[in-house]
Amino acid sequence: MGTLRIKRIYEPPLPSDGFRVLVDRLWPRGVSKAEAALDLWLKEIAPSAELREWFGHDPARFDEFATRYRSELKTNVEAVDQLRDIAKAHDTTLLYGAHDRRANQAVVLAEFLAGQGPHFEQDA
């Protein structure tokens with residue numbers, strides 16, 4: 001597996017990002033497609049609209065959100081396999097739009113993909 005990183009989409013793209021994948025269901029406000037420098041927008045791997053709305057980026061709900069999102073990921077085999085294959089072949093950066101760098105779906109997704117395996121890097 002290549003290096004797996006997570007990063008806010010509002011941070012400038014870097015060559016070290018490798019393959020850049022947006023993992024939000026909605027396009028982030030104020031970011032043009034050129035600025036995003038995406039290789040893939042994988043909406044299908046994002047939390048369901050219902051889960052996203054329930055969470056509402058409330059840090060007090062993050063643990064339950066993470067549990068529910070992992071359950072969704074377990075049944076989302078096609079999108080998870082697609083992202084896992086990309087991450088095996090390339091250094092990969094999962095991009096997200098949330099303000100909270102610690103309590104967001106990209107953190108849960110990176111941990112899910114890494115499993116007990118390689119560590120992932122998180123933006124500062």
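Keep in mind the model is a prediction, meaning the values are calculated, not measured.
- Side chain of Glu35 to backbone of Ser32: a donor-acceptor contact under 3.5 angstrom is found.
- Taking every heavy atom of both residues into account, Gly97 and Tyr10 meet most closely at O-CE1, 3.4 Å.
- One finds the CG atom of Leu51 at 10.5 Å from the OG1 atom of Thr67 (value rounded to the nearest 0.5 Å).
- Put simply, CZ on Phe55 and OG on Ser48 are 12.5 Å apart, with the number rounded to the nearest 0.5 Å.
- A pairwise comparison of heavy atoms in Pro28 and Leu22 identifies CD-CD2, 3.8 Å as the closest pair.
- Taken from CZ in Phe112 to CD in Gln105, the straight-line distance is 14.5 Å, to the nearest 0.5 Å.
- Atom CG of Asn104 sits about 9.5 Å away from atom OH of Tyr69, to the nearest 0.5 Å.
- Pairing each heavy atom of Ile9 with each of Ala36, the nearest pair is CD1-CB, 3.9 Å.
- Atom OG1 of Thr93 sits about 15.0 Å away from atom CZ of Arg8, to the nearest 0.5 Å.
- At least one side-chain heavy atom of Asp91 sits under 4.5 Å from a side-chain heavy atom of Arg5.
- Every pair passing salt bridge (charged side-chain N to carboxylate O under 4.0 Å, His left out) that includes a residue from residues 18-32 is listed here, sequence neighbours excluded: Asp17-Arg20.
- A donor-acceptor contact shorter than 3.5 Å links the side chain of Thr92 to the backbone of His90.
- Under the ring-ring contact (aromatic ring centres under 6.0 Å, His included) criterion, Trp27 pairs with Trp41, not counting sequence neighbours.
- Sorted by first and then second residue, the pairs that involve residues 50-65 and meet salt bridge (charged side-chain N to carboxylate O under 4.0 Å, His left out), not counting sequence neighbours, are Glu64-Arg68.
- Nearest heavy atom pair, residue Asn76 against residue Ile45, reads ND2-CA, 3.8 Å.
- For the pair Gln82 and Leu42, the tightest heavy-atom approach, listed with the atom from each and the gap, is OE1-CD1, 3.4 Å.
- Of all heavy-atom pairs spanning Tyr96 and Ala106, the tightest one is CD2-CB, 3.6 Å.
- Hydrophobic clustering (side-chain heavy atoms under 4.5 Å, transitive across Ile, Leu, Val, Met, Phe, Trp, Tyr) keeps Leu40 apart from Leu14.
- With contacts defined as side-chain heavy-atom distances shorter than 4.5 Å, the pair Lys33/Leu38 does not qualify.
- Hydrophobic clustering (ILVMFWY, side-chain heavy atoms < 4.5 Å, transitive): Leu113 and Leu95 are in distinct clusters.
- The structure places CD1 of Ile6 at 8.0 Å from CZ of Arg102, a figure rounded to the nearest 0.5 Å.
- Between Leu94 and Leu83 the shortest side-chain heavy-atom distance falls below 4.5 Å.
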